[in-house]
Amino acid sequence: MVRIVSRSPEETEEAGFTLGRSLKSRGGAATVYLFGDLGAGKTTLIKGIASAFGIPPRNIGSASFVIVAEYETDPPFYHIDLYRVEREEDLDALGIWEYIDTGGVAVIEWAERLPEIPGDAVTVRLTYCDHGREIIIEGITEDELSGRRP
């Protein structure tokens with residue numbers, strides 16, 4: 001588990017970039033499940049993750065109305081926002097599973113709307129704390145985030 005305290009949107013974006021760089025160095029095929037209240041910084045974190053793939057932060061917005069935003073990067077990058085998904089049946093109808101573990105990097109906001117999360121998943125929990133936001137990352141070690149070999 002890695003714990004980061006972010007005191008600003010810029011620090012949250014930087015934490016995302018660090019995570020994105022680590023995911024990219026794995027060679028793709030990763031899914032990141034994001035948890036956090038409305039306004040906790042999930043989209044800001046995704047802007048940082050996406051920037052590690054060469055996607056400008058201005059191109060990343062809340063995908064709430066689109067549900068899935070696809071980016072032609074290497075590996076492919078998918079931003080999935082489940083905020084408006086209310087029923088498990090909707091996940092199948094929207095084809096969400098086509099983006100998970102398919103060789104690209106899928107980042108899923110509002111992951112609590114999924115029926116289950118794999119035990120070996122990369123999960124990120126964003127919560128408010130006294131000094132800003134606390135970002136808890138599981139499924140990636142501090143060595144992997146820093147680029148050091150374990």
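All residue numbers in this chain count up from 1 along the given sequence.
Atom CD of Glu72 is surrounded by 12 or fewer heavy atoms from other residues, nucleotides or ligands within 6.0 Å.
Rounding to the nearest 0.5 Å places CZ of Arg113 at 9.5 Å from CZ of Arg84. The distance from the CZ atom of Arg125 to the NZ atom of Lys42 is 12.0 Å, given to the nearest 0.5 Å. Distance CD/Glu116 to CD/Glu88: 8.5 Å, rounded to 0.5 Å. Rounding to the nearest 0.5 Å gives a distance of 11.5 Å between CG of Leu94 and CD of Glu89. The CD1 atom of Ile136 lies 9.5 Å from the CG atom of Leu126; values are rounded to the nearest 0.5 Å.
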Steps toward side chain to side chain contact (heavy atoms under 4.5 Å, CB included) verdict (Leu34, Trp110): CA-CA 6 Å; Leu34 296 180; Trp110 299 99; over 6 Å; no
Steps toward side chain to side chain contact (heavy atoms under 4.5 Å, CB included) verdict (Ile67, Asp81): CA-CA 5 Å; Ile67 308 289; Asp81 189 325; over 6 Å; no
Residues Ile80, Tyr99; criterion side chain to side chain contact (heavy atoms under 4.5 Å, CB included); working and verdict: CA-CA 9 Å; Ile80 302 169; Tyr99 300 97; 3.8 Å; yes
Test log, rule side chain to side chain donor-acceptor pair (under 3.5 Å), inputs Glu134 and Tyr128: CA-CA 6 Å; Glu134 180 179 60; Tyr128 299 103; over 6 Å; no
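One side chain, Glu109 or His79, offers a donor N or O that lies under 3.5 Å from an acceptor on the other. In the model, Tyr33 has no side-chain atom that pairs as donor or acceptor with a side-chain atom of Glu112 under 3.5 Å. For the residue pair Glu13 and Ser51, no side-chain donor N or O sits within less than 3.5 Å of a side-chain acceptor on the partner.
The only member of Thr31, Thr123, Ile108 that meets side-chain contact (heavy atoms from CB on, under 4.5 Å) when paired with Ile117 is Thr123.
Without hydrogens or angle criteria, Tyr83 side chain to Leu38 main chain gives no donor-acceptor distance under 3.5 Å. Judged by distance alone, with hydrogens and angles left aside, the side-chain atoms of Arg133 form no donor-acceptor pair with the main-chain N or O of Val5 at under 3.5 Å. For Thr18 (side chain) and Glu14 (main-chain N/O), a donor-acceptor pair under 3.5 Å exists by modelled atom type.
Note: the hydrophobic cluster containing Phe17 does not contain Val122 (ILVMFWY, side chain heavy atoms under 4.5 Å, direct or indirect links). Cluster annotation: Ile140 is connected to Ile135 through the hydrophobic network of ILVMFWY side chains, with a link wherever side-chain heavy atoms come within less than 4.5 Å.
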